[in-house]
2 protein chains.
Amino acid sequence: MIQNQPLMEKLKDITFYTMDKAIRTYRIFAQKRLRENGYKITIDQWLIIKSIMENPGISQQEIGEKVFKDNASVTRIIELLVKSEYLEREVNPDDRRKSNLNVTDEGKSIVKKVHSLVLENRKTALAGILPEELEIMNKTLKRIISNCN
Amino acid sequence: MIQNQPLMEKLKDITFYTMDKAIRTYRIFAQKRLRENGYKITIDQWLIIKSIMENPGISQQEIGEKVFKDNASVTRIIELLVKSEYLEREVNPDDRRKSNLNVTDEGKSIVKKVHSLVLENRKTALAGILPEELEIMNKTLKRIISNCN
DNA sequence: AATATTTATTTGATATATCAATTATTGATA
DNA sequence: TATCAATAATTGATATATCAAATAAATATT
């Protein structure tokens, strides 16, 4: 264990930096590809429309849990989606604190079109990585999440 | 390989989500600990002061490369650091486009104090993770970075 | 039923990210 | 040397993140 100490310390130093850099590099890459293909939508916006389509009647709070964003962010992203006419909202008559969120035809259309691009992006980003490695990374990331809670 | 396909697809689906969640969970955790201990500084601000201390005479562009932030972000974070009196800036006489950035005594002091807290945070966040696992994660993250460039 | 508590969402304040355009300065070249 | 091109930093516009406080509605309690 004593031999592992220096390696472990170095890794600890760079791990969070590398995580941050990887996720940001991927985001820039993915967003650029969306733009290149003429899609006027961000990845976060896409994720939120998608979660509404897949879970009709979902509340904003539940959306936030699904996409790991806080309520304030969800509110603001939805505002933009309504403005872009990808979403429609009306007051939920059963609970007037909530909104009913409906994906417009245009919203459905863009989600569908962007989906294949997202799959391609993931494939490109993960090229050459073995399933075992991906599994270990996922397990490790989940451990970090639980350690920080 | 055919058997691995479904597993691989699932992992691809969740990998970026988990990465994002892990880095954000850690950030919230670390920032909360800073606040609890009364430090009025963000992690990003701390990183930038630290990079100036470790690299005297560094330019803003070089800082950006070190901490993986773009020039605009560096400019704005530095503005806040000057306002908080952790940094002083003056025009570089050799190249008037650049600034000389000096860490004040207060800046040096807070970086030092926060450092041990950051080490603790990293230790907590990575508890129970084996060096091999960390290595594989780092290697995988680096592969993602290069794949997206 | 009136009041208190809880819950869902919104809003305000501040920090950061990203892209594009601009400014100021320097270095190269015709 | 005057002009052009490259570089460093800033600024503006827009999107998101985070926390705390406010609002509005629903539920529970007395």
Side-chain angles (χ1 to χ4, degrees), chain A residues 20-21 23-36 39-49 57-65 67-84 86-87 89-101 148, chain B residues 20-21 23-36 39-49 57-65 67-84 86-87 89-101 148:
Chain A
D20 192 62
K21 184 164 175 174
I23 192 75
R24 241 166 41 241
T25 305
Y26 173 72
R27 279 181 167 269
I28 290 175
F29 163 72
Q31 191 63 51
K32 191 179 161 195
R33 301 251 342 227
L34 285 187
R35 222 183 17 258
E36 282 169 357
Y39 296 122
K40 291 228 164 60
I41 193 168
T42 69
I43 296 178
D44 292 307
Q45 292 173 359
W46 178 76
L47 263 176
I48 286 189
I49 306 180
I58 194 173
S59 72
Q60 291 186 199
Q61 205 147 49
E62 289 163 335
I63 293 171
E65 283 155 26
V67 301
F68 197 64
K69 294 189 182 299
D70 83 338
N71 294 343
S73 297
V74 174
T75 292
R76 281 159 186 149
I77 294 173
I78 284 176
E79 273 171 21
L80 291 173
L81 288 172
V82 170
K83 208 175 282 176
S84 301
Y86 295 141
L87 282 188
R89 75 189 316 182
E90 45 190 47
V91 174
N92 181 334
D94 298 330
D95 184 341
R96 298 179 48 76
R97 291 169 303 183
K98 299 185 181 179
S99 300
N100 285 338
L101 299 168
C148 293
Chain B
D20 192 61
K21 183 164 176 175
I23 192 75
R24 239 162 46 238
T25 306
Y26 173 72
R27 279 182 168 266
I28 290 176
F29 164 73
Q31 192 62 52
K32 191 179 164 197
R33 303 249 344 227
L34 285 187
R35 223 184 16 259
E36 281 169 358
Y39 296 122
K40 292 226 164 61
I41 192 169
T42 69
I43 296 178
D44 293 307
Q45 291 173 0
W46 178 77
L47 263 176
I48 286 189
I49 306 179
I58 194 173
S59 72
Q60 291 184 201
Q61 206 146 48
E62 288 163 336
I63 292 172
E65 283 156 25
V67 301
F68 197 63
K69 292 187 184 302
D70 82 338
N71 294 343
S73 297
V74 172
T75 292
R76 281 156 184 150
I77 294 173
I78 283 175
E79 272 171 22
L80 292 172
L81 288 171
V82 169
K83 210 176 279 177
S84 301
Y86 295 142
L87 282 188
R89 74 189 317 183
E90 44 189 48
V91 174
N92 182 333
D94 296 330
D95 184 341
R96 298 180 46 78
R97 291 169 304 185
K98 298 185 182 178
S99 300
N100 286 337
L101 299 167
C148 293

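By convention in this document, chain letters (A, B, ...) are assigned in the order of the sequence lines, proteins followed by strands, and residues within each chain are numbered from 1.
A donor-acceptor contact under 3.5 Å is not formed by the side chain of A:R97 with the base of C:dT9. Looking at A:R76, its side chain comes within 3.5 Å of the base of D:dT18 through a donor and an acceptor atom.
Residue A:S73 is classed as a base contact, given a heavy-atom separation below 4.0 Å to a base. Residue A:D95 is in sugar-phosphate contact alone, with no base atom involved, counting any heavy-atom pair closer than 4.0 Å across all strands shown. Within the 4.0 angstrom heavy-atom criterion, no nucleotide atom of any strand lies near B:Q31. Residue contacts for A:N71: at a heavy-atom cut-off of 4.0 Å it reaches a base atom on one of the strands shown.
Residue A:R96 places its side chain closer to D:dA25 than to any other of D:dC19, D:dA25, D:dT11. If you check D:dA9, C:dT16, D:dT16 against the side chain of B:R89, the one that comes closest is D:dA9. Candidate nucleotides C:dA8, D:dA8, D:dT11 were compared by shortest atom distance to the side chain of B:T75, and D:dT11 ranks first.
Electrostatic pairing of B:D20 and A:R24 does not count as a salt bridge here, judged by no charged N lying under 4.0 Å from a carboxylate O.
At distances below 3.5 Å, at least one donor-acceptor pair connects side-chain atoms of A:T25 with backbone N or O atoms of A:K21.
In this structure, A:I43 and A:Q31 approach most closely via the heavy-atom pair N-OE1, 3.3 Å.
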